[in-house]
S.K.: 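One structure, pasted below without further comment.
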Number of protein chains: 2
Amino acid sequence: MAKDLDPDSMHCNCPVTTTLEILGGRWKPIILYCLQDGPVRFNALKRMIPGITQRMLTLSLRELETDGLILRHVREVVPPHVDYAMSPLGDSLRPVLHAMNEWGAYYRTQTTPQKARSDAA
Amino acid sequence: MAKDLDPDSMHCNCPVTTTLEILGGRWKPIILYCLQDGPVRFNALKRMIPGITQRMLTLSLRELETDGLILRHVREVVPPHVDYAMSPLGDSLRPVLHAMNEWGAYYRTQTTPQKARSDAA
DNA sequence: CTGAATCCTGACCGATACTG
DNA sequence: CAGTATCGGTCAGGATTCAG
C-alpha cells in the first residue's frame, strides 16, 4: 500500500484536523507555550519541560520548524548556541493555545472532584 | 488515551495538554464538529465521516461520553435507535473548536502548497 | 441498526549511548 | 551545548468478523 495518506484529501477537509495534526503529539503544545515569552535555548527548553528527552525535544522542534511555527537561530560559536522563537505563523496560534488552555482549566473544574474517570484501572 | 496522570510523575500540569488528551486522536474533533448542529444517529455519523470504521466511531463516542462531552440516548425499539448529542460541557468546547477551525484554515493559506512532511518518510 | 471481539501494523515515544 | 543513532516498548487505530 503506497502512501495515499494525504490528510487533506483522505478524510474530510476539516481544518480542525489540520490544527490537530500540527500540534498533535505530547510535547508540541508545551513547547509552543514555553516559547510564547521570547526565544529560548535548547537546554533551557529542556529544563522548562520536565520529563522530555533530548530526542523528543529535537524531533518536536524539527517538526514545528518544518511546519513554520517556530524559527531556529544558530550562532556558530565555540559552545554552540541555538535558540528557538515563535514565527509570525506560530504567533498566530496563540489565541488557539489560549482558548485550549482556558477550556482545559475549565474542564477540570467541571469534572467530579473524585479524580477523573480513566484512572479506575 | 489518558492513562494515569500522576501529578508526581512527569509531565507538567498544563491544561492545554488536558484539552489535547480529550480531543486527541484522529476522529474526536470531527465527531464533535458533526454534532454541533444537533443530535445525530450512529449510522448518520458514520456516513458523515468518510473513512471512519465502526470500531473507531464506537470507541471515540464512548470516550467522548466518558469525558462528559456528549450524551448518548438509547431508544429501545425493534430496530435499535441511538443518537448522540453535545452535552453542556461539550458545548463549552465550541469556541475552542471554532478557534482551531479558523487557525487551520488560516494555516493552509499561509503555507506553501508543497507541504510534504506527512509522507516525506 | 448498533456495537462487541479479535488480530495486526505502524506511529509515537522513551532510555541510553555517542558526537562535533 | 546541541544534537544524532539505535533499540525497543506501548498503544492508537484499521480490517474483519460475530452478535443482540
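First the proteins, then the strands, lettered A, B, ... as listed; each starts at 1.
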S.K.: Strictly below 4.0 Å: does Arg41(B) bring a side-chain N or O up to OP1 or OP2 of dC1(C)?
M.R.: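 False: Arg41(B) side-chain N/O out of range (4.0 Å or more) of dC1(C) OP1/OP2.
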S.K.: How would you label the contact of Arg72(B) with the nucleic acid (heavy atoms, under 4.0 Å): base, sugar-phosphate, or nothing?
M.R.: sugar-phosphate
S.K.: Any side-chain N or O of Tyr84(A) less than 4.0 Å from the OP1 or OP2 oxygen of dC1(D)?
M.R.: no
S.K.: With DNA chain D as reference, determine whether Pro79(A) or Leu59(B) sits nearer its 5' end, using the nearest nucleotide of each.
M.R.: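 Closest to the 5' end, via its nearest nucleotide, is Pro79(A).
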S.K.: Would you classify Thr58(B) as touching base, sugar-phosphate or nothing, given that sugar-phosphate means primed atoms plus P, OP1 and OP2, and contacts are heavy atoms under 4.0 Å?
M.R.: sugar-phosphate
S.K.: Kindly point out which of dG3(D), dA15(D), dG14(C) is positioned nearest to the side chain of Thr53(B)?
M.R.: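 Nearest nucleotide to the side chain: dA15(D).
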S.K.: For Gly24(B), which contact category applies under a 4.0 Å heavy-atom criterion: base, sugar-phosphate, or nothing?
M.R.: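 Nothing, no nucleic acid heavy atom in range.
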S.K.: Using a cut-off of 4.0 Å on non-hydrogen atoms, how would the nucleic acid contact of Pro80(B) be classed: base, sugar-phosphate, or nothing?
M.R.: base
S.K.: Would you indicate what Arg55(B) reaches in the nucleic acid, counting non-hydrogen atoms under 4.0 angstrom: base, sugar-phosphate, or nothing?
M.R.: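 Base contact.
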S.K.: Angle between the end axes of the helix from dC1(C)-dG20(D) to dG20(C)-dC1(D), five pairs per end, to the nearest 10 degrees?
M.R.: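 Comparing the axis at each end, I get an angle of 50°.
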S.K.: Report which part of the nucleic acid Arg75(B) touches: base, sugar-phosphate, or nothing (heavy-atom distance under 4.0 Å, all strands).
M.R.: nothing
S.K.: Quick check: on DNA chain D, is the nucleotide nearest Gly25(B) upstream (toward 5') of the one nearest Leu61(A), or the reverse? Name the residue that is more 5'.
M.R.: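 By nearest-heavy-atom nucleotide position, the 5'-most residue is Leu61(A).
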S.K.: Counting side-chain heavy atoms from CB outward, which of dG3(C), dC1(C), dT4(D) is closest to Arg62(A)?
M.R.: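 The nucleotide sitting nearest to the side chain is dT4(D).
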S.K.: Reckon Arg26(B) has a side-chain N or O less than 4.0 Å from the OP1 or OP2 of dA11(C)?
M.R.: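 For dA11(C), neither OP1 nor OP2 has a side-chain N or O of Arg26(B) closer than 4.0 Å.
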